[in-house]
Enquirer: 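Mind looking over this structure? Questions follow.
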Amino acid sequence: MTSTAGQQRARFAALDPLLPPPPPLPPGDPVEAGGAAGTIAHVRFASGSWQRLWSPARLQILSAILPLDAGAGMSALLSAWRERIALADTAPDSSCTVTWPSRDVVVARALLDHGLAPQLALAVRAPAKGAAHTVSGVTVRDSTHGDLEEITDLRFEELRYTSFVGHGVVRPGAKALLAEEVRRGLHFGGRVWIAEEEGVTVGMVTGGKRSPVSGDALAGRLPPGEWGYLGTLAVTAAARSRGIGRALTAVAHDELFSPSLRGTFVSYNPTNPLSPVFWHRQGYRPLWTTWAVSPAAALR
Ligand SMILES: CC(C)(COP(=O)(O)OP(=O)(O)OC[C@H]1O[C@@H](n2cnc3c(N)ncnc32)[C@H](O)[C@@H]1OP(=O)(O)O)[C@@H](O)C(=O)NCCC(=O)NCCS
């Protein structure tokens, strides 16, 4: 007899060839309903921490193994989860999240019906060099320590924009946290490319290489091997829609490329009116979607 985990592995493989086999359920409070099994992990980020710029202070993360009728299974699990939330303290500044294959639209229906909204997409692109693109008068170059202030300003602008359309939260001290992160990144050799026009910084993109390692955030999300990634991409509001983002991305793709690379990945907010269309035109497509709801909203 095929186990539920085996059925889920087969479903994932049929849904999307890039999905790695699903790992076992991570530690957390067990929850079972409608033939589905799950765990709820509770995470709390420290006050003043870097993570709180990109997340509510508290997270409940649901992981699931669903039966063949995956939509009904997810729906039953979410109802059971909701009953638990109703009994617990619905703390402000908190969120419940589920990360699920983007192409599993049957499960997307159940998530929408339970009030969850798509919050973050992990999108992938086949390995390829960047298609060269230049913008007249704009130079793209590697950053140096002298660019720290401009990079921090652009990252702050990106955080501010993301706070309206996704998971960013502009908290007190955000700029200092960003500056520290930029300083650390530059010190440890993280790549940041910047676009300059008449000596003024008009855009930036960060990038690097990572391989999923058992227990880290990429394990179970991407097939094993070396992946390139692009992190923060931002162009100043006045310079947008002139091809500067595309020029930055082309250089980053080019420099990250190697024949053994499995591909590149990015994260974006599906409700951002600028970035999904941009990334899709650069060859990315969603693999995983993180769905979220605040406990208070889930109980309405
Ligand atoms: C996303 C962002 C970096 C794009 O930079 P940009 O310099 O404006 O983008 P480009 O001008 O290079 O656009 C490249 C392509 O995307 C298309 N495009 C860009 N924005 C678009 C939009 N809103 N609607 C339709 N197409 C769009 C362009 O037509 C262009 O396609 P083409 O070159 O094939 O004609 C910029 O909008 C930005 O800084 N947004 C705010 C911060 C943000 O959202 N960052 C991304 C977080 S993941």
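One-based numbering, in listed order, for ligands and for the atoms of each.
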Enquirer: Flag this pair as yes if the NZ/CZ of R285 is under 6.0 angstrom from the six-membered ring centre of Y268 and inside a 45 degree cone about the axis; otherwise no.
Expert: no

Enquirer: What closest approach, in Å, do L248 and I194 show between heavy atoms, and which atom pair accounts for it?
Expert: CD2-C, 3.8 Å

Enquirer: If the cut-off is 4.0 Å to any non-hydrogen atom of A234, which atoms of ligand 1 fall inside it?
Expert: 39 (O)

Enquirer: Is there a polar contact between ligand 1 and S275, counting only N or O atoms under 3.5 Å apart?
Expert: no

Enquirer: Short N/O distance, under 3.5 Å, between L274 and ligand 1?
Expert: no

Enquirer: Tell me which one of V138, V202, L233 gets a heavy atom nearest to atom 3 (C) of ligand 1.
Expert: L233

Enquirer: Would S267 count as a contact residue for ligand 1, given that I'm defining contact as a non-hydrogen atom of the residue lying under 4.0 Å from a ligand atom?
Expert: yes

Enquirer: Select the closest option to atom 10 (P) of ligand 1 among A239, G243, A247, judged by heavy-atom distance.
Expert: G243

Enquirer: Looking at ligand 1, does any of its N/O atoms fall within less than 3.5 Å of an N/O of V235?
Expert: yes

Enquirer: Taking the six-membered ring of W227 (Phe, Tyr or Trp), confirm whether the NZ or CZ of R210 is under 6.0 Å from its centre and within 45° of its axis.
Expert: no

Enquirer: Looking at S49 and A46, would you say the former's side chain and the latter's main chain have a donor-acceptor pair under 3.5 Å?
Expert: yes

Enquirer: I'd like to check whether W279 has a polar contact with ligand 1, where a contact means an N/O of the residue lying under 3.5 Å from an N/O of the ligand.
Expert: no

Enquirer: Compute the ring centroids of Y161 and H167, then answer whether they are less than 6.0 Å apart.
Expert: no

Enquirer: Tell me the contacting part of R246 for ligand 1: side chain, backbone, both, or neither, using a 4.0 Å heavy-atom threshold, strictly below.
Expert: both

Enquirer: How does V277 reach ligand 1, by side chain, by backbone, by both or by neither, if only non-hydrogen atoms under 4.0 Å count?
Expert: side chain

Enquirer: Is the backbone N or O of I61 less than 3.5 Å from a side-chain atom of T97, with the two atoms forming a donor-acceptor pair by type?
Expert: no

Enquirer: Below the 3.5 angstrom mark, is there an N/O of Y161, backbone or side chain, next to an N/O of ligand 1?
Expert: no

Enquirer: Just which atoms of ligand 1 are under 4.0 Å from any heavy atom in R281?
Expert: 16 (O), 17 (C), 30 (C), 31 (O), 32 (P), 34 (O), 35 (O)

Enquirer: Atoms of ligand 1 less than 4.0 Å from G245 heavy atoms?
Expert: 5 (O), 6 (P), 7 (O), 12 (O)

Enquirer: In the protein, which heavy atom is nearest to atom 4 (C) of ligand 1, and how far is it?
Expert: F278 CD1, 3.7 Å

Enquirer: Tell me the contacting part of N272 for ligand 1: side chain, backbone, both, or neither, using a 4.0 Å heavy-atom threshold, strictly below.
Expert: side chain

Enquirer: Can you tell me if H187 has over 12 outside heavy atoms packed within less than 6.0 Å of its NE2?
Expert: no

Enquirer: Polar contacts were defined as any N/O atom of the residue lying under 3.5 Å from an N/O atom of the ligand; does this apply to S241 and ligand 1?
Expert: yes

Enquirer: Could you pull out, from Q282, E158, R240, H133, the option with a heavy atom nearest to atom 41 (C) of ligand 1?
Expert: R240

Enquirer: Looking at atom 18 (N) of ligand 1, tell me if a protein heavy atom falls under 4.0 Å from it.
Expert: no

Enquirer: Between D93 and R58 (salt bridge meaning N to carboxylate O under 4.0 Å), is one present in this structure?
Expert: no

Enquirer: Quick one: are E157 and T236 in side-chain contact, heavy atoms under 4.5 Å?
Expert: no

Enquirer: With the threshold set at 4.0 Å, does a side-chain nitrogen-carboxylate oxygen contact exist between E158 and R155?
Expert: no

Enquirer: So do S55 and V169 actually touch side chain to side chain, heavy atoms under 4.5 Å?
Expert: no

